[in-house]
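Lettering follows sequence order; numbering is per chain, from 1. None of these values were measured; they are calculated from a predicted model.
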Amino acid sequence: MKKFYITTPIYYVNARPHIGHAYTTIACDTMARRQRMLGADTFFLTGTDEYGVHVERAAIAAGRPPEQWTDEVSAAFRQLWDRLGITYDDFIRTTSERHKRGVQALWSKIRDNGFIYKGHYSGHYCIYDELYVDSAGPGAPCPECGRPTETVQEENYFFRLSAFQEKLLRLYSEQPDFIRPETRRNEVVSFVRSGLRDLSISRSSFKWGVPVPGDPGHVVYVWLDALSNYVTALGYGSEDPSRFEKYWPADLHMIGKEIVRFHCVYWPAFLMAAGLPLPKSILAHGWLLFEENKMSKSRGNIVRAETILEVLGGDALRYFLLREIVFGQDGSFSFDALVQRYNADLANGIGNLASRTLTMITRYFHGEVPYPSPAAAHQTADDAIRKSANQAIAEYQSLFDQYQFSRALELAWSLVASVDKYIVENEPWVLGEEANEQSRARLATVLYTSAEALRIVTALVHPVIPQATRRIWTQFGLGNIGTFDLSSLKWGQLQLGTKLGKVEPVFPRADKSAVERMQTMEEEAPRAATAAEAPSQAKPSAGSHRTPAVPSPPSAVANHKISIDDFTKVEMRVGEVKVAERVQGADKLLRLEVDLGGEVRQVVAGIAEAYAPETLIGRKVVIVANLAPRKLRGLESNGMIVAASAEGGRPVLASFLEDVPLGARLK
RNA sequence: GGCGGUGUAGCUCAGGUGGUUAGAGCGACGGUCUCAUAAUCCGUAGGUCGUUGGUUCGAGUCCAACCGCCGCCA
């Protein structure tokens with residue numbers, strides 16, 4: 001039996017999951033489902049990347065031990081995948097014991113093979129990005145974040161990456177499909193050609209990581225640690241390597257374009273050094289942009305998958321991402337486009353075709369699939385449908401194998417359209433009114449032909465829209481679509497007399513308010529506010545589908561006393577304004593970047609009428625640090641700046657007369 | 001700066017090796033049917049194919065320069 005091992009990247013737990021993560025995971029899930037339907041012994045891995053100084057810092061900022069923080073965020077990822085119906089076979093956490101053992105085994109193997117040595121690094125280092133910066137001059141800005149680097153001199157372990165330059169170049173040329181799409185391959189090749197230097201693979205400046213075997217003062221560099229998950233999850237380095245032996249090497253590592261270098265250069269080099277087989281293929285997709293902009297935490301334009309899930313369902317999100325975006329290129333997400341696709345293709349397309357076809361079979365043939373009458377009732381239009389269906393099966397397969405999801409779906413939907421047209425041209429409802437035998441035979445043929453084409457489309461697109469197709473399959477009376485053998489799919493398998501189930505719509509049409517509902521949910525779900533901008537009237541609670549008809553009761557009651565516990569729930573910290581600028585299109589808002597001592601936050605505050613942005617830079621302010629993020633004018637505000645506001649007067653920022661360290665808590 | 005990519009209808013995209021009036025889907029507009037989820041189906045409008053110059057009998061398709069956007073350069 002053919003095996004198929006596919007992986008997502010493991011997601012970094014310094015932020016909550018959003019549709020960017022969902023995009024990668026959905027694409028993998030679709031591939032995995034398809035391979036299973038084709039009969040491959042499939043193993044689908046995802047997980048979370050939990051070590052590194054960023055995570056340590058995020059945990060400290062959240063006032064929690066890193067173990068607790070990573071448990072929470074990792075669980076959030078897992079929960080989202082479960083809600084989206086992701087069929088992962090394993091979920092690896094880099095903080096797990098099995099991973100640690102595997103990483104250490106891999107390290108030892110590479111070391112024993114002579115590719116690790118201890119050396120010194122002196123130069124410039126960005127502690128925020130764990131990045132060595134070689135550009136000249138002390139304090140040179142970090143290319144990632146722009147913060148000044150620190151001059152360091154430290155003892156590290158190094159990986160002899162330079163020894164693999166020729167081998168890697170040979171790999172890329174002998175296996176042109178190793179990296180896809182081609183543009184990424186070109187980048188990697190030119191990178192490697194320009195020369196490889198040895199790679200520092202340990203850190204001693206922080207503790208949150210896998211200890212280096214034999215030298216616990218060092219932890220394993222986060223990328224060596226993270227990449228290893230693809231083998232440690234299979235039991236590499238454990239007592240039971242049977243899964244490793246069965247599934248390794250991976251058939252496909254699916255990744256985002258930002259991590260191409262790690263996967264296409266470092267990872268194969270590590271594996272070569274350890275004497276392990278290399279993955280067969282690495283596929284990089286593009287970024288999901290939100291209305292033309294990169295989705296990022298600091299921009300505050302992140303869209304959560306949950307919102308779409310609640311309003312339109314998981315299939316809608318899956319279909320949109322795979323149909324709308326050319327895989328490999330950047331794609332744009334917007335609620336308008338999502339609803340448009342949903343209505344045009346899902347509700348009016350496959351949903352309506354299923355509804356009309358199955359309803360007519362129910363009505364005219366008492367819910368039993370009629371047999372296409374031979375001879376007299378047979379026409380060339382029927383043949384045309386049969387032919388295009390058979391052709392679609394073959395072409396769909398080939399497009400999917402090339403990861404051309406959008407074109408594969410386009411193809412499937414052109415079959416839907418031609419069946420709709422076929423139905424209109426053959427007017428089965430007219431035939432149904434005529435009581436003669438000839439019309440009856442013709443009706444049977446038309447409905448069989450339509451139903452059979454629908455069945456084929458349903459089977460083809462099941463990996464993409466699993467829930468709806470499962471329901472259509474059931475309505476067809478065909479049982480469990482999950483066990484259907486896709487490799488056998490061909491015209492004519494629909495049996496005479498198949499008893500239909502209850503027919504009901506699978507994709508109810510969405511009206512225009514769906515867009516608004518999703519936007520509102522996104523803006524309100526992460527509830528947070530800046531002092532001066534905080535609306536005094538309570539807004540409807542988030543997470544609910546409907547806007548409540550009755551206004552919410554006033555949230556504050558006069559003279560209400562709170563306990564000390566209530567007060568300590570509010571985490572106020574001292575921060576320094578690093579960046580202040582006006583928010584375009586808003587008179588009152590300023591966008592601030594505030595340094596809380598170890599973490600820089602974006603805060604949007606309604607103080608533009610009271611303070612000129614340039615006067616705020618360098619000023620110490622008080623930030624409510626544990627407010628849920630909130631979006632204002634499309635920007636995410638991660639906290640609230642504390643100000644006194646007299647009735648009708650301008651807000652006045654709280655500040656200190658004495659000097660205070662950044663990050664100090666107010667209590 | 002070096003290397004690479006990209007720019008085609010309002011939107012998302014097709015357009016091997018240059019060859020009649022540049023295509024599809026969606027959206028918009030008009031019409032039609034009634035089995036179906038105000039769905040389907042038919043029709044209409046919309047593009048100096050980033051700009052300029054060149055090669056050619058002929059260029060969206062080849063070449064050059066320029067403009068815009070993007071990626072990689074540890």
Practice task
Kindly point out which of B:G15, B:C41, B:U37 is positioned nearest to the side chain of A:Ala417?
Solution key: B:C41
Exercise for the section: Please tell me which of the listed nucleotides, B:U37, B:G15, B:U12, lies nearest to the side chain of A:Glu324? Expected result: B:U12
Handout entry: Between P of B:C35 and CG of A:Asn348, the distance in whole Å
Key = 18 Å
Handout entry: Polar side chain donor-acceptor pair, A:Gln475 to A:Arg470, under 3.5 angstrom
Key = no
Fill in the blank from the handout: Considering only heavy side-chain atoms of A:Ala344, the closest of B:G15, B:C26, B:C41 is B:C26
Problem - Separation of atom CG in A:Asp330 from atom C1' in B:G7, rounded to whole Å - result: 15 Å
Problem - RNA chain B: 5'-proximal contact among A:Glu427 and A:Leu196 (nearest heavy atom) - result: A:Glu427
Problem - Under-4.0 Å side-chain N/O to phosphate OP1/OP2 contact, A:Arg356 with B:A39 - result: no
Exercise for the section: Choose from B:U37, B:A74, B:C70 the nucleotide whose nearest atom is closest to any side-chain atom of A:Asn352. Expected result: B:U37
Handout entry: Between A:Asp336 and A:Gln340, a side-chain donor and acceptor under 3.5 Å
Key = no
Handout entry: Nearest listed nucleotide, side chain of A:Val506, among B:A74, B:U37, B:U34
Key = B:U37
Fill in the blank from the handout: Taking for A:Lys421 and for A:Leu346 the nucleotide of RNA chain B with the nearest heavy atom, the one nearer the 5' end belongs to A:Leu346
Exercise for the section: Tell me what A:Thr359 touches on the nucleic acid: a base, only sugar-phosphate, or nothing, going by heavy atoms under 4.0 Å. Expected result: sugar-phosphate
Exercise for the section: Take atom CD of A:Gln404 and atom C1' of B:U12, then tell me their distance rounded to the nearest Å. Expected result: 15 Å
Fill in the blank from the handout: Taken to the nearest whole Å, CD/A:Glu410 to P/B:A24 is 12 Å
Exercise for the section: Kindly assign one of parallel, tilted or perpendicular to the pair A:Phe158 and A:Tyr117, based on the angle between their ring planes and the thresholds 30° and 60°. Expected result: parallel
Exercise for the section: Among B:C35, B:C42, B:A74, find the nucleotide with the atom closest to the side chain of A:Arg261. Expected result: B:A74
Practice task
Answer yes or no: does a side-chain N or O of A:Arg323 lie under 4.0 Å from OP1 or OP2 of B:G25?
Solution key: no
Problem - Spacing between A:Asn343 atom CG and B:A38 atom P, to the nearest angstrom - result: 11 Å
Problem - Side chain of A:Glu187 (C-beta onward), nearest among B:A36, B:G71, B:A74 - result: B:G71
Handout entry: Nucleotide nearest A:Ala347 (side chain, heavy atoms from C-beta), chosen from B:U37, B:C35, B:C26
Key = B:U37
Handout entry: Pair A:Trp267-A:His253, side-chain donor/acceptor within less than 3.5 Å
Key = yes
Practice task
Could you verify whether a donor N or O on one side chain and an acceptor N or O on the other, from A:His18 and A:Tyr23, lie under 3.5 Å apart?
Solution key: no
Exercise for the section: State the pairing partner of B:G4; accept Watson-Crick or G-U wobble contacts with both distances under 3.5 Å, and report none otherwise. Expected result: B:C70
Completion exercise
Mate of B:G18 across any strand shown (Watson-Crick or G-U wobble, both atom pairs under 3.5 Å) is none
Exercise for the section: Mind telling me if B:G4 is syn or anti? Syn here is a glycosidic angle within 90° of 0. Expected result: anti
Problem - Counterpart base for B:U44, defined by Watson-Crick or G-U wobble contacts under 3.5 Å - result: B:A28
Fill in the blank from the handout: Among B:U37, B:C41, B:C13, the one nearest any side-chain atom of A:Gln329 is B:C13
Exercise for the section: Ignoring backbone atoms, establish whether A:Arg341 has a side-chain N or O less than 4.0 Å from OP1 or OP2 of B:C11. Expected result: no
Problem - Sugar-phosphate, base or nothing in reach of A:Gly286, heavy atoms under 4.0 Å - result: nothing
Exercise for the section: Name the pairing partner of B:C13, where a pair is Watson-Crick or G-U wobble with both distances under 3.5 Å, or state none. Expected result: B:G23
Practice task
Return yes if a side-chain donor-acceptor contact under 3.5 Å exists between A:Arg180 and A:Ser281, otherwise no.
Solution key: yes
Exercise for the section: Would you indicate which nucleotide in B:C26, B:C73, B:C35 comes nearest to any side-chain atom of A:Phe191? Expected result: B:C73
